[in-house]
Amino acid sequence: MLRRLFRLFRRAPKRPPRPADPRLAQDPWLAALFARLGGRYQLGPDGPEGAPILRRTGRARFNPMPVWLQERTVRGEYEVRGDPAQGKAILDARMTGPLRSLGLLQVGERIEEWAGSVLLRRYEGRCDSPEQAAAAVKFFCEESELQINTAAE
């Protein structure tokens, strides 16, 4: 019985830390950016859009966000389900102003039809300072909703 109690109170072994991303060691801008973002963020594998931002939303799992880094450009995408006109108005009111102040502008918009109408709007901008890039990534991932449903508004 004492063994059972001991097992209950014993801590689970810690997982070994993830190996450092060599891209961060090679690029001081990236290293400074991820130092500002903290341990909840990682850089995903390079792709045609750039490297996606991965954000830990649970205990140990990192989820890909619709935010990419390519050289010193931050690119993010919002998805609005429902009426496209209402979606445009919501994005204009909530996202365009704050992103413009961070140096990101709207560069594309399209409407797709899958399970209803979906408005996809992309913002991007060059961020020469890691502080500016970190603020933009945090706005996308923490301070705004990346997926919006107009029926819930």
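If you're wondering where the values come from, they're calculated on a predicted model, not measured in any experiment.
- Across Arg36 and Ala134, no two heavy atoms sit closer than the pair CB-CB, 3.9 Å.
- Side chains of Arg75 and Gln70: a donor-acceptor N/O pair is present below 3.5 angstrom, by distance only.
- At a threshold of 4.5 Å between non-hydrogen side-chain atoms, the residues Tyr123 and Val74 do not count as touching.
- The shortest side-chain heavy-atom distance between Leu119 and Asp83 does not fall under the 4.5 Å cut-off.
- In summary, Asp92 and Arg121 engage in a salt bridge, as defined by a charged side-chain N under 4.0 Å from a carboxylate O.
- Put simply, the side chain of Asp27 reaches to within 4.5 Å of the side chain of Arg72, judged on heavy atoms.
- Electrostatic pairing of Glu143 and Lys138 does not count as a salt bridge here, judged by no charged N lying under 4.0 Å from a carboxylate O.
- A salt bridge does not link Glu79 to Arg122: none of the charged side-chain nitrogens sits closer than 4.0 Å to a carboxylate oxygen.
- At least one donor-acceptor pair closer than 3.5 Å links the side chain of Trp29 to the backbone N or O of Asp128.
- Looking only at distances, no side-chain donor or acceptor of Thr150 sits under 3.5 Å from a matching main-chain atom of Gly87.
- Looking at Leu69 and Phe34, their side chains come closer than 4.5 Å, going by heavy atoms from C-beta outward.
- Looking at Pro84 and Val118, their side chains never come closer than 4.5 Å, going by heavy atoms from C-beta outward.
- Cys141 places a side-chain heavy atom less than 4.5 Å from the side chain of Arg55.
- Nearest heavy-atom pair, Arg23 versus Ala51, reported as atom, atom and distance to 0.1 Å: NH1-CB, 3.9 Å.
- Between Ile148 and Met95, some side-chain heavy-atom pair lies under the 4.5 Å cut-off.
- Considering all non-hydrogen atoms of both residues, Glu113 and Ile111 come closest at OE2-CG2, 4.2 Å.
- Hydrophobic cluster membership differs between Trp68 and Tyr41, with clusters built from Ile, Leu, Val, Met, Phe, Trp and Tyr side chains linked at under 4.5 angstrom.
- For Tyr78 and Phe140, the gap between ring centers is short of 6.0 Å.
- Across Ala136 and Leu102, no two heavy atoms sit closer than the pair CA-CD1, 3.8 Å.
- Connection of Val137 to Leu146 is established within a shared hydrophobic cluster, with ILVMFWY side chains joined at heavy-atom distances below 4.5 Å, either directly or through further cluster members.
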